[in-house]
Amino acid sequence: MTDAVRTGYDPHEIEPRWQQWWSDQRLFEAREDATAPPFYALHMFPYPSGDLHMGHVEAFSLADAVARYQRLQGYEVMNPIGWDSFGLNAENAAIRRGIDPKQWTYDNIETQAATMQRLGLAWDWSRRLHTSDPEYYRWTQWIFLQLYEAGWAYRADSEVNWCPSCQTVLANEQVHDGACEYCDTEVTKKPLTQWFLKITDFAERLLDDMRHLEDTWPQRVLALQRNWIGRSEGANVTFRIAAPSQDAEQGEEVVVYTTRPDTLYGATFFVVAPEHPQARAWAQAGGAVEAFDAFRERVRRKSDVEREAAGGDKDGVPLGVEAVNPVNGERLPVYAADYVLMGYGTGAIMAVPAHDQRDLDFARAHDLPVRVVVAPEDAQAPDPATMTEAAAGEGTTVNSGPYDGLPWPETKDRITRDLAARGLGEFAVNYRLRDWLVSRQRFWGCPIPIIHCERCGQVPVPEEELPVELPDPSEVAFTPGGESPLAEHEGFTSVDCPRCEGPAQRETDTMDTFVDSSWYFLRYCSPDRDDVAFDPEAVRRWMPVDQYTGGIEHAILHLLYARFFTKALHDLGHVDFVEPFTRLKSQGMVLKDGAAMSKSKGNLVEPKEVVSEFGADTLRTTMLFAGPIEDDVDWSDVSPAGTFRWLSRLTRLVDAHVAAGEDDAGTDDARASLRRATHQAIAGVGGDVAAFKYNTAIAKLMELSNAVGAAQRDGVAGAPVREALEAAAVMLSPIAPHVAEELWHRLGHEQSVAVQRWPEHDPALLVTDIVTVPVQVDGKVRGEIEVAVEAAEDEALAAARDVANVARHLEGRALAKTIWVPGRMLNLVTKPG
RNA sequence: GCCGGAGUGGUGGAACGGCAGACACGGCGAGCUUAAACCUCGCUGCCCCUCGGGGCGUGCGGGUUCGAGUCCCGCCUCCGGCACCA
C-alpha cells in the first residue's frame, strides 16, 4: 500500500479486483455459437511439478498476449488451459517420500491454477482438462487402439534404453548424450519386449509436409526435426557371404545400405554389427567363434556412451568368411566391429576406407588395404598407402572398371541401375528416425488397453470397456523394481479374455506421457463429450490451431509426435487436416546469471515473490520487454522496478488527464505533434505485436507515454490527450491487462478493455509538410535541412548550400553527382575542382 | 564432421540499403526535500576540440554501392542440434 500512496499505482488492489470482474463476466470463455471468426490460440500445457516457475510465466505471458490481441482483432478466441498430469515425477515422489502420486499431482495443479489466476491469464477455464483424469485417458486409450487396429502399434523385442535410476525404459528422444533426460543417470541397453508406435511409416510425410510450415514455424524447429528424421539417399546392395573354400553362388545373401554406391569398387572389407543375427553363425563357419565370443564380451562391458562415441577405438575381429562384391566378384574379408550399429540400415556395411573416415580408421588399425576410387577434382589424389584422412569430397571415378572417368554422382546412379538390372541392388532411402517406444514400467500413466490371453494372444480391450482405470494408489506398492507397480496388483492384472472369456492378464505397462500430449489440442475443442474423443464439428471449427506457443525444448519430441498423431488420425478419417499447428512461435528460456534456474543451483527467482512486490502486470511486461521472445532472457538483465515505474507513470498521466478535464488546451503545433505520436504508435505497435516483437511494441508504448507527458507539460489537454491514453490502454491490454483495464475505466468506460477493437491509425496524420533531412557530403553527414516533403532536388540542393557546414565541405570541390531520396536523404558527391 | 543461429555502448537490446545505438537498465548532474526515499528535468559509444566542429566506431579481411550493422565473397569466435547413422 505504501507503493500506491507514493505512485498512485497499486497493483495489489487493482489486479484481484479486475480478475474477479473478468471471471464473473465469463469474459474469456470461447463460445461455440459466436458469429465472429474463430481463432485457436494454444500454448503447451504445463506439467504439474510444484508451482509455476519463471519459464512458465514467460510462456504464459506470451500465450495470453497472443490470445488477447486476437480478441481485439475481432476473433472469437479459444485460449484453453489444462495439465499434462501423468508422469514420472509424481511417482518418484511416491517412491522417495511415500506420497500418493495422484494427490501430489492434483495438489500441484491447484497450486499452479491459483498462481495462474493471480497472473490474470485469460484462460478459458471451462475447457480445463487433465490427462490423468479417466475421462481424458479413456480417449487416449481409444486412440491407441485405433493405431493398434491400423497396425501402427506393435509389441516387439528390442534392445531398449533403460534408465537404472528411474527403473524404466526411455524413448530415443529422451536420451541426451547417453544420459536420462530426467535424472541424468547413464542410460544402459536392455533387451525387453516393448510397445512401439510406427512413426517411421510417416517419416517421409513428416519431412515433406514441413513445406506447409516453412513460413510459419521457426526455421530452427524445422531444422531440428529434419535433423532428427535424418533422411539419406543411397542404395541397398546385395553381397554374398561365403567361406573361403565355398563358391560365391553358394553364399548367403546379405544386404548392405550405402549412400555411396559409386565407391563399390573401393570396398576392401566388410563389417557387421556385433549383434547381427548371423554374425555368430558366420564366425562358426569361418572357424573364428572363440575370437568372436571374446569380442562380444568386450563389447558388452563397454558403456553405450563409450560404444557410440565417434572416433572410438575401432575394436573388431575377422569372422573368417568372405563377402563377395556384386560389382566385380571380389572376395572381401568379413569383420564384426562395434562401430557398425545394428539399429541403422541393415547392421552390415561394405567398408570403403579411402572414402570413409571410420572405415579408414578401422583399416589402419587392422592393416587392411585401401583403394582410392574417386579422384578429387583439383587436389592431388591421396596416396592409399599413407593417407589418414578419408577423401569424402567430390571428384571423378577411377579404378572402377567401366565407370572410370564419370563424375561421381553419375557413377552412383549408373552403378545402382546396373545392379538393379541384375537384381542385386536398388535405390533406397534410409531414416535415422526409429519407431517410438511408448511403454513405460510405471504406475502413473495411461494404461495400455491390451489383454494378454494364452489362447488368443494380444486382445484389445473392447471400446465399451474403456477406460482401463488405474487402481487407487493406496492399493499399490511403490517400490522401484523395473516392473510396473500394476503388475503386483492382482485386481488389476487378472481379467477374463474378451474373446474366449478364459483367464487372461492385463498389460501392466503404461504409456509414455508424450502420448497423452499428442492429441490434447483436439480434446480442448469438446472437452465435455463423453461419447467421443472429440466432436468432429467442433474440431472443424477450431482446428488446426491458429497459433501455437511454447518452449523450444519441445522442438522435436512433442511437436513431432503431435504431427505424427494428426497424420495417423487423418488417415483413419478422424480429422481432415494433416498438420495440427498452422503457426508456431517458440520462446527462449529464463536464466539467472547465465544458468537455468533450478532449486539445486539455488538461483531460483519465484514468480510469486515478484508478483507480491510489483504485481502481475509488471512481471508480465518485464518478461515481454526483456528482448526478442525467441531469445533466452537472463533475469539478472531485466528490471521489474523499471517496468513498475513506467506503469506508475502511465497511471499518473491518466489521473492528470482526468483531473484536468476534457477541455481542449495547448498550441496547435503541440496538439498536432501529440496526435502524430499517437498514430505513429498505433501504426508501429500493431505491426510489432502481430510479429511477436513485444519488446519493441512496449518501447513504442513507452515513447507514446513520454510524448503524452511532454504534451501535458506543454499545456496540451483535452481530446488529443484522451485519444493517446485510450489508444495506449487498448494496446497495452494484451500485455498488462489489469492496469490497462483500470486506466480504461478511469477514462470513463464501462465495458471491458478486453472486448474493444484494436485502434486504427489515420495515415493522414503521419505525414508532415516539413521534414528534417540529413545532408551528406561524400557519404558523411555534414548538416541537415528543413524542406517540404515533396521538395524537388534543386530546392533541397539550394537549401543544403545555405548550411554553413555543408558549404564549408563543398568549398574548393565540384559537385559530381547529387543523390536525392525525397524526404529522407541528400547526398552530395564531389570531385576535386 | 554435418545442419541451424548469433556476434552492435557499462548492460538488455533498436535500426524498409539512407543521421548506428530507439526504448529501457545502470551511471552522472540538477530540481523538489531539514534530510533521505519517491518523483521531475538534463546528460550519458570512444577520442580530440579554439565549443563552430573534427576523427574513429556494429567480430576480422576484402568487395558491390553515392551510401553497408544491413547485400556478396573469404575467415574468426560463441551458442544450439545431430553424429562411429555407412
Side-chain angles (χ1 to χ4, degrees), chain A residues 2-3 5-8 176 218-230 232 234 256-260 263 271 273 307-314 337-341 343-352 355-359 361-362 389-390 392 430-434 552 555-556 622 625-628 630-634 636-643 645-646 648-649 652 684 693 695-703 705-706 709-710 713 772-784 804-805 808 816-821 823-830:
Chain A
T2 46
D3 277 349
V5 170
R6 288 199 301 262
T7 66
H176 294 296
Q219 281 304 316
R220 186 171 165 205
V221 173
L222 297 175
L224 291 176
Q225 293 211 356
R226 269 192 205 100
N227 249 335
W228 188 259
I229 296 169
S232 76
V256 303
Y257 171 74
T258 176
T259 54
R260 296 294 305 271
T263 61
V271 191
R307 257 199 81 174
E308 285 171 15
D313 62 6
K314 299 293 180 293
D338 68 341
Y339 80 94
V340 173
L341 309 174
Y344 185 80
T346 62
I349 62 156
M350 64 169 198
V352 185
H355 304 290
D356 182 287
Q357 191 60 46
R358 297 153 298 175
D359 295 345
D361 292 344
F362 190 84
E389 303 234 330
N430 231 308
Y431 297 93
R432 208 193 68 93
L433 183 71
R434 308 291 153 82
I552 189 75
I556 299 174
T622 300
F625 184 55
E630 59 271 21
D631 291 359
D632 290 349
V633 44
D634 198 313
S636 318
D637 295 327
V638 305
S639 170
T643 311
R645 277 202 294 272
W646 174 56
S648 306
R649 210 151 48 229
R652 283 194 298 274
K693 291 158 88 174
N695 56 332
T696 54
I698 293 166
K700 281 166 186 154
L701 290 172
M702 288 172 169
E703 279 183 271
S705 67
N706 289 344
R713 271 197 303 286
T772 306
V773 173
V775 179
Q776 298 183 340
V777 177
D778 293 322
K780 286 188 190 300
V781 178
R782 297 303 181 183
E784 48 190 32
N805 198 41
R808 210 167 41 138
K817 196 175 176 183
T818 307
I819 316 298
W820 169 234
V821 186
R824 297 203 63 98
M825 167 71 59
L826 178 65
N827 191 6
L828 307 175
V829 186
T830 69

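As the structure is a prediction and not an experimental result, all values here were calculated from the model. Every chain is numbered from 1 and lettered A, B, ... according to where its sequence line falls, protein lines coming before strand lines.
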Return the nearest nucleotide to the side chain of [X]; candidates are [options].
X	options	value
A:Lys314	B:G81, B:C84, B:C41	B:C84
A:Met825	B:G67, B:C85, B:C19	B:C19
A:Ile819	B:C85, B:C3, B:G18	B:G18
A:Pro628	B:A86, B:A14, B:C3	B:A14

| On RNA chain B, nearest-nucleotide positions of A:Arg220 versus A:Gly343: which is more 5'? | A:Arg220

| remark: Note: for A:Ala626 and A:Val829 on RNA chain B, the residue whose nearest nucleotide lies more 5' is A:Ala626

Quickly work out the [X] [atom1] to [N] [atom2] distance and round it to whole Å.
X	N	atom1	atom2	answer
A:Ile229	B:C3	CD1	C1'	14 Å
A:Arg226	B:A83	CZ	C1'	18 Å
A:Arg824	B:A15	CZ	P	14 Å
A:Tyr257	B:A86	OH	C1'	8 Å
A:Leu222	B:G81	CG	P	17 Å
A:Gln776	B:C66	CD	P	13 Å
A:Gln219	B:G4	CD	P	9 Å
A:Arg434	B:C82	CZ	C1'	13 Å

| query | Could you go step by step and tell me if A:Thr818 and A:Val829 meet the side chain to side chain contact (heavy atoms under 4.5 Å, CB included) rule? | reply | CA-CA 6 Å; A:Thr818 307; A:Val829 186; over 6 Å; no

Backbone N/O of [Y] and side chain of [X]: donor-acceptor pair under 3.5 Å:
X	Y	result
A:Asn695	A:Ala626	no
A:Glu389	A:Gln357	no
A:Asp359	A:Val352	yes

Check: [Y] and [X] side chains under 4.5 Å, non-hydrogen atoms:
X	Y	result
A:Pro774	A:Met825	yes
A:Leu222	A:Gln219	yes
A:Tyr339	A:Asp361	no
A:Ile819	A:Gln776	no
A:Leu828	A:Leu826	yes
A:Thr258	A:Ile349	no

NA contact type, [X], heavy-atom cut-off 4.0 Å: base, sugar-phosphate, or nothing?
X	result
A:Ser232	sugar-phosphate
A:Leu224	sugar-phosphate
A:Val340	base
A:Glu784	base

In whole Å, what separates the [atom1] atom of [N] from that of [M]?
N	M	atom1	answer
B:G45	B:G57	C1'	8 Å
B:C76	B:C38	C1'	49 Å
B:U70	B:G7	C1'	14 Å
B:G27	B:G52	P	31 Å
B:G67	B:C51	P	34 Å
B:G12	B:C19	P	24 Å
B:A24	B:U44	C1'	14 Å
B:G31	B:C46	C1'	31 Å

| request: Report the distance from atom CG of A:Asn227 to atom CZ of A:Arg432, rounding to the nearest 0.5 Å. | output: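 Between A:Asn227 CG and A:Arg432 CZ, I get 7.5 Å after rounding to 0.5 Å.
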
| message | Output the pairing pattern of RNA chain B as a dot-bracket string, 5' first, Watson-Crick or G-U wobble with both distances under 3.5 Å, | for cross-strand pairs, [ ] for crossing pairs. | response | (((((((..(((.....[....)))((((((.......))))))((((....))))..(((((..]....))))))))))))....

| query | For B:G67, is chi within 90° of 0 (syn) or not (anti)? | reply |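 The base of B:G67 is oriented anti (glycosidic angle more than 90° from 0).
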
| query | Is B:G52 in the syn range, within 90° of 0, or in the anti range? | reply |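 Here B:G52 takes the syn form, which means its glycosidic angle is within 90° of 0.
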
| said: Quick check on B:A83: is either OP1 or OP2 less than 4.0 Å from any side-chain nitrogen or oxygen of A:Arg432? | reply: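 So the side chain of A:Arg432 is within the cut-off, an N or O lying under 4.0 Å from OP1 or OP2 of B:A83.
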
| field | Any A:Ser648 side-chain nitrogen or oxygen under 4.0 Å from OP1 or OP2 of B:C39 | value | no

| request: Report the C-alpha distance between A:Asn430 and A:Ser232 in whole Å, list the side-chain angles of each, state the deciding distance to 0.1 Å, and finish with yes or no for side-chain hydrogen bond (donor to acceptor under 3.5 Å, both in side chains). | output: CA-CA 5 Å; A:Asn430 231 308; A:Ser232 76; 5.6 Å; no

| task | If a protein heavy atom is under 4.0 Å from the base, mark B; if only from the sugar-phosphate, S; if neither, -; do that for nucleotides 21-33 of chain B going 5' to 3'. | result | -BBSSS-------

| message | Output one letter per nucleotide in nucleotides 51-56 of chain B: B when a protein non-hydrogen atom lies under 4.0 Å from the base, S when only the sugar-phosphate is that close, - when neither is. | response | --SSSS

| request: Could I get the full list of salt bridge (Lys or Arg N to Asp or Glu O under 4.0 Å) partners for A:Arg358, not counting sequence neighbours? | output: A:Asp356

Scan nucleotides 6-9 of chain B against the protein and return all N/O pairs shorter than 3.5 Å with their distances rounded to 0.1 Å.
none

| Taking the six-membered ring of A:Phe362 as reference, does the NZ or CZ atom of A:Lys314 fall below 6.0 Å from its centre and within a 45° cone about the axis? |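 No - A:Lys314 does not lie over the ring of A:Phe362 by the 6.0 Å and 45° rule.
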
| message | Show the nearest heavy-atom pair for residues A:Asn827 and A:Gly779, with the distance to one decimal. | response | OD1-N, 3.2 Å

| message | Among residues at least two apart in sequence or on other chains, which ones pass ring-ring contact (aromatic ring centres under 6.0 Å, His included) with A:Phe625? | response | none

| What orientation do A:Tyr257 and A:Tyr344 show, parallel under 30°, tilted 30 to 60°, or perpendicular over 60°? | perpendicular

| message | Tell me if the side-chain of A:Asn227 makes a donor-acceptor pair with the base of B:C82, cut-off 3.5 Å, by modelled atom types. | response |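 Side chain to base: no pair below 3.5 Å.
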
